[in-house]
Amino acid sequence: MPIYEYTCKDCGHHFELLRSMKEADSPATCEHCQGEHTQRSLSVCYASSGGQPVAGSSCGCGGCSGGSCGSCHH
């Protein structure tokens, strides 16, 4: 089951819930204030490749095989 992020409109608390996909947009109770006015938030993910090319990425210049070179605009 996926983890979804929610924000409480009453107290501003951000929290996560492990729920099925069909429950994702169902009402969620704030774990901090027990408020019922919550909204699902967009999840943000951070990934780092340490400067190495990542599958499916390329710089488009062809001179460095998708890595980082002087002609890339990344």
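Heavy-atom basis, side chains included; hydrogens, waters and symmetry copies ignored.
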Report the C-alpha separation of Glu23 and Ser20 in whole Å, then their side-chain angles, then the decisive distance to 0.1 Å, and conclude whether the side chain to side chain donor-acceptor pair (under 3.5 Å) test is met.
CA-CA 5 Å; Glu23 295 177 304; Ser20 67; 3.2 Å; yes
Non-hydrogen side-chain atoms of Thr29 and Glu36 separated by less than 4.5 Å
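Side chain of Thr29 against side chain of Glu36, heavy atoms only: contact under 4.5 Å found.
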Using every non-hydrogen atom in the two residues, find where [X] and [Y] come nearest and quote the distance to one decimal.
X	Y	result
Arg19	Tyr4	O-CE1, 3.6 Å
Asp10	Cys33	CB-SG, 4.2 Å
Arg40	Ala24	CD-O, 3.5 Å
Leu17	Ala28	CD1-CB, 3.6 Å
Thr38	Cys8	CG2-CA, 4.0 Å

How long is the gap from OG1 on Thr7 to NE2 on His14, to the nearest 0.5 Å?
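Spacing of OG1 (Thr7) from NE2 (His14) equals 4.5 Å.
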Hydrophobic cluster identity match, Met1 and Tyr6, side-chain contacts under 4.5 Å:
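No; Tyr6 is not reachable from Met1 via cluster members.
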